[in-house]
Chemist: 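The structure is given below, and queries will be raised subsequently.
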Amino acid sequence: LPPGKRPAGAEVGRWIAERLAFWESNIDPRMRLEDISLAQQHLIEIVKALALEPKVLILDEPTEHMDAGEVERLFSRIRRITGENRTVIYISHRIHEVKAIADRVTVLRDGEVRGTFDGRSVSETEIINLIVGRALVTAYPPKPAVTDRGGRPILAVDGLSGAAFKNVRLNAYAGEIIGLAGIEGNGQRDFLRALAGLNSNSGGVTIKGRAANLADTTTARNSGVAYIPRERHREALMLPLSVGENVGLMALARFAKAGLMRRSAERRAIEGEVEALSIKTPTIDTPVRSLSGGNQQKTVIARALLGEPDVLLADEPSQGVDAGARLEIYKILRQAANDSMAVVVASSDTLELQGLCDRVLVFSRGQVIEEIEGEAVTERNITRATLTSTTLRTGVARESGESTLERFRKGDYAPSVVLVVALLVLGTYAAHSNAFYLTGSNFGNVLTLFTALAFIAMGQLVVLLTGGIDLSVGPLTGFVVVVASFFVLDDVSSGSIVFGFALSLAVAVFVGFLNAFLIRVAMITAVIATLATYMGIRGTALLLREIPDGLINSTVTELISTRIGFVPVAFLVAVVLAIIMEVIVRRSRWGLSLRAVGSNEANARKVGVRVEFTIFSAYIVCAVFTWLGGVMLMAQIGVGDPTAGVTYTLMSITAVVLGGASLFGGRGSFIGALLGAALIQQAFNVTTFLRLTPAWQYWLLGLLTVVAATLYSRLRQRA
């Protein structure tokens, strides 16, 4: 929300509770959005939109996941908004809802306005006539005069249910094509994908009298199911491969002997399918990406048919092809049905369903509301059933509650507990093996070394929260020392020392800005951009200092290393900064923007997050934290070494991963990053006290990383 509409920090909980209370939703605001139902997520979107108090509110199919009570509450809120001289644009395929709420109704078809009417006087019939308003003009293959449904069905579905559909029953017989219709998002496509083993499901499915296993795509194929997806480029075709290789992929087992392909037999079968489906290609060795859309689609169909399925599922089979290819695809599907396959087609084109299908199941809100067959399969009847349905979702969970333990296990702080346990276990073992471990001198040295990594890890986390990464932090840490080694020297003025620190900070900020510029303006991926910066910084450091030189002012190094007892002041600064950053990332607008961009950049931009500013600032803040790490390294090595600090790149990434951050963005904890850095330094320290070889430092750290990552994943999955 814009700052002027956001509640104060202390008021957030009450403010959210008030807005959710109106909907009687019982949604726990502390839960992650991914852990509540789709219906509740939809409700959150509406609450969020209403909280903006917009002058124009656009609602696109808002009642899709609502029950009757929620629909009425939404309508009462709409009436209140319009009563305050604000405007609501209500987009819906559900005519009874439009009639109930709209003052004016505008009907669109094929991107053109067909008429605007008074909402009270226009009838449902008039609206349907305007929506249909066309004749069956495409030539379709003839349908069988009579379909024999006396025998055993090829496909029998008994009460199949999934996340977006419920209790679907269907019997498909040889010689007929079954159509699935409905407004987009009403469960028909999810049902089809469940039959293909792509969506989780429960219920009974038999194919030719045998129970089918639809747990995944492999078991579905083994049960006799072939699936033609709607997105051929994204879900079907291997574009770098040839036509023949794409066609043959589903039938590899047929032409393999002892693991080796019988190429001649495979080639004959593929060429037969290519010829039968009239796929226009110079040879089957032609790259499939060079074919037209229609021929690519026929290649996908050829692959499905070569697998000799009993059930052929087609999702938008004619999408993105020309009229000639569309007719050929219709003939192929009809021939498959005539060859005793059960053919089920999902299509958003009601005209296509009319011309192609023998029966049509109309879905609304996850349920089959009507089955149309024979002469009654017309565009008008399909459209009427779709638009006049008054069904509501059933079985939608409305309660959302988790125990404190469940929330903690899935939260960002659970990894911190694991790290504390690991630190204590390693420390206890080292103390038991070597009495010198529990000395102030050892702890002071360890905390000093840890502090440099802690600063850099916190900087790395800022970038990771946006979904990025910064590989340049290691060389930049050493480069800060190299720059300072020309100015922060013994026997120089305080002005020179201040200038040295200021210049090294300015260089770090410039590197952060450069990284963001390469990523957001030059459009180079974060890994490549920061890797290039990594190389550039190392080269520049070697240019400035071919060998270690330029002793750092001893007074400065002593000041940086100041301790209270055995505890370095810099360590306390790192802890305070971690706490401050934790509060910022949870409570501030900038912190929420970081996590929003990392969670979903496109959606963050849509709700007004300043994406470019957020990412640029993240890389600059990362550079500032890296500069702090460089200052700590300055006190440790005391000389401008062009090779110093490089290992911090991988160690910083390891620290934030150990701390439970997601490399995909959106999740992470600065406390976790701090503890991750502590565990790394602990591993290095413990192996020294146990007199293990340096190799054990990395073996132990690698083992801890794998164990921690596995444990976090299992905890969140179980929760």
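This one's a predicted model, so the numbers in the text were calculated from it and none came from an experiment.
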Chemist: Flag this pair as yes if the NZ/CZ of Arg263 is under 6.0 angstrom from the six-membered ring centre of Phe255 and inside a 45 degree cone about the axis; otherwise no.
Modeler: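 Arg263 over Phe255 ring: no.
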Chemist: Are Arg384 and Glu370 close enough for a salt bridge, meaning some N to O gap below 4.0 Å?
Modeler: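 Yes.
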Chemist: For Gln319, does its backbone N or O pair with a side-chain atom of Gln297 as donor and acceptor, under 3.5 Å?
Modeler: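 No, the answer is negative, given that no donor and acceptor are paired below the 3.5 Å cut-off.
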Chemist: Once salt bridge (charged side-chain N to carboxylate O under 4.0 Å, His left out) is applied, do any residues pair with Arg114, and if so which ones, sequence neighbours excluded?
Modeler: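 Counting only residues at least two positions away or on another chain, Arg114 forms a salt bridge (charged side-chain N to carboxylate O under 4.0 Å, His left out) with Glu112.
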Chemist: With distance as the sole criterion, is a donor-acceptor pair present between the side chains of His233 and Gln296 under 3.5 Å?
Modeler: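 Yes, Gln296 and His233 have a side-chain donor paired with an acceptor closer than 3.5 Å.
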Chemist: Do any N or O atoms from the side chain of Asn186 and from the backbone of Ile183 form a donor-acceptor pair under 3.5 angstrom?
Modeler: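 Yes; judged by distance alone, with no hydrogens or angles, the pair exists.
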Chemist: Go through the steps for Val47 and Phe22 under the test side chain to side chain contact (heavy atoms under 4.5 Å, CB included), then give the verdict.
Modeler: CA-CA 10 Å; Val47 173; Phe22 173 81; over 6 Å; no
Chemist: Go through the steps to decide whether Leu160 and Lys166 satisfy the test side chain to side chain contact (heavy atoms under 4.5 Å, CB included), and finish with yes or no.
Modeler: CA-CA 6 Å; Leu160 195 69; Lys166 185 175 181 180; over 6 Å; no
Chemist: Ignoring hydrogens and angles, tell me if any N or O in the side chain of Gln354 forms a donor-acceptor pair with the backbone of Glu379 under 3.5 Å.
Modeler: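 Yes: the side chain of Gln354 pairs with the backbone of Glu379.
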Chemist: Are Ser223 and Asn213 packed together at the side-chain level, in the sense that at least one heavy-atom pair is separated by less than 4.5 angstrom?
Modeler: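 With C-beta onward as the side chain, the pair touches.
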Chemist: Report the distance from atom CG of Asp216 to atom CZ of Arg221, rounding to the nearest 0.5 Å.
Modeler: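 Going from the CG atom of Asp216 to the CZ atom of Arg221 covers 8.5 Å.
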Chemist: Answer yes or no: is there a side-chain heavy-atom contact under 4.5 Å between Val368 and Val362?
Modeler: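 Of all side-chain heavy-atom pairs linking Val362 with Val368, none is under 4.5 Å.
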Chemist: Looking only at side chains, do Glu352 and Ser318 share a donor and an acceptor under 3.5 Å apart?
Modeler: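 Checked: Glu352/Ser318 side chains pair up, N/O donor to acceptor below 3.5 Å.
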Chemist: Any luck finding a side-chain donor-acceptor pair between Thr116 and Thr106 under 3.5 Å?
Modeler: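 Yes, because at least one side-chain N or O of Thr116 sits under 3.5 Å from a partner of the opposite role on Thr106.
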Chemist: Return the OG1 to CD1 distance between Thr386 and Ile369, rounded to the nearest 0.5 Å.
Modeler: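 One finds 6.0 Å between OG1 of Thr386 and CD1 of Ile369.
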Chemist: Is Asp315 paired with Arg189 through a side-chain N to carboxylate O contact shorter than 4.0 Å?
Modeler: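 Looking at Arg189 and Asp315, the cut-off is met.
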Chemist: Can you give me the closest heavy-atom contact between Tyr140 and Gly355, atom names plus distance?
Modeler: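 Here Tyr140 and Gly355 meet closest at CB-O, 3.3 Å.
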Chemist: May I ask you to decide if Arg262's main-chain N or O and Lys257's side chain share a donor-acceptor pair within less than 3.5 Å?
Modeler: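 Side chain of Lys257 to backbone of Arg262, a donor-acceptor pair under 3.5 Å: no, none is there.
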Chemist: For Glu316 and Ser348, indicate whether the former's side chain and the latter's backbone hold a donor-acceptor pair under 3.5 Å.
Modeler: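 Yes; at least one donor-acceptor contact below 3.5 Å.
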Chemist: I'd like to know whether Ile284 forms a side chain to side chain contact (heavy atoms under 4.5 Å, CB included) with Arg267, so could you lay out the CA-CA distance, the side-chain angles of the two residues, the decisive distance to 0.1 Å, and finally the verdict.
Modeler: CA-CA 8 Å; Ile284 64 170; Arg267 193 174 184 88; 3.6 Å; yes
Chemist: Do you see a donor-acceptor pair shorter than 3.5 Å between the side chains of Arg193 and Tyr227?
Modeler: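 Present: a donor and an acceptor within the cut-off.
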Chemist: Should Glu271 and Arg268 count as an ion pair when the cut-off is N to O under 4.0 Å?
Modeler: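 Salt bridge flag = no for Arg268 with Glu271.
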Chemist: Count the heavy atoms of every other residue, nucleotide or ligand shown that sit under 6.0 Å from NZ of Lys99, and state whether that count exceeds 12.
Modeler: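 Atom NZ in Lys99 is packed in, count exceeds 12.
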Chemist: Using side chain to side chain contact (heavy atoms under 4.5 Å, CB included) as the criterion, point out the one residue from Ile279, Asn295, Leu239 that pairs with Val288.
Modeler: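 The passing option is Leu239.
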Chemist: If we ignore hydrogens and angles and just use 3.5 Å, is the side chain of His42 paired with the main-chain N or O of Pro62 as donor and acceptor?
Modeler: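 It does hold such a pair.
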Chemist: Just checking, is any N or O donor in the side chain of Thr63 or Arg365 under 3.5 Å from an acceptor N or O on the other one?
Modeler: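 Short answer, yes.
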Chemist: Evaluate the side-chain proximity of Glu371 to Val360: yes if any heavy-atom separation is below 4.5 Å, no if none is.
Modeler: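 Not in contact.
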Chemist: Drop me the distance from Met238's CE to Asn246's CG, to the nearest 0.5 angstrom.
Modeler: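 Met238 CE to Asn246 CG: 5.0 Å, rounded to 0.5 Å.
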Chemist: Checking Glu97 against Tyr90: is there a side-chain donor and acceptor pair closer than 3.5 Å?
Modeler: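 Per modelled atom types, Tyr90 and Glu97 side chains form a pair under 3.5 Å.
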Chemist: Out of Ile127, Val98, Val113, which residue meets the side chain to side chain contact (heavy atoms under 4.5 Å, CB included) rule with Val107?
Modeler: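 Of all the options given, the one that passes is Ile127.
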Chemist: Let me confirm one number: the CG-CZ distance from Asp118 to Arg120, rounded to the nearest 0.5 Å.
Modeler: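 Asp118 atom CG to Arg120 atom CZ measures 4.5 Å (nearest 0.5 Å).
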Chemist: Tell me yes or no: between the side chains of Asn222 and Thr219, is some donor less than 3.5 Å from an acceptor?
Modeler: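 Short answer, no.
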Chemist: Would you find a donor on one side and an acceptor on the other, under 3.5 Å apart, between the side chain of Asn381 and the backbone of Val377?
Modeler: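 No; zero donor-acceptor contacts below 3.5 Å.
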Chemist: What pair of heavy atoms forms the shortest contact from Asn167 to Gly159, and how long is it?
Modeler: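 Shortest heavy-atom contact: OD1-CA, 3.3 Å.
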Chemist: Supply the atom-to-atom distance Leu305 CG to Ile332 CD1, rounded to the nearest 0.5 angstrom.
Modeler: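 Reported to 0.5 Å precision, the distance equals 7.5 Å.
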Chemist: Measure the shortest side-chain to side-chain distance between Lys280 and Leu291 over non-hydrogen atoms and say whether it is less than 4.5 angstrom.
Modeler: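 In short, these two side chains do not touch, never coming nearer than 4.5 Å.
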Chemist: May I ask you to decide if Ile78's main-chain N or O and Arg86's side chain share a donor-acceptor pair within less than 3.5 Å?
Modeler: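 No; zero donor-acceptor contacts below 3.5 Å.
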Chemist: Ignoring hydrogens and geometry, is there a side-chain-to-backbone donor-acceptor pair from Glu126 to Ser123 under 3.5 Å?
Modeler: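 Yes.
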Chemist: Checking Lys208 side chain against Asp310 main chain: does a donor-acceptor pair fall under 3.5 Å?
Modeler: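 It does not hold such a pair.
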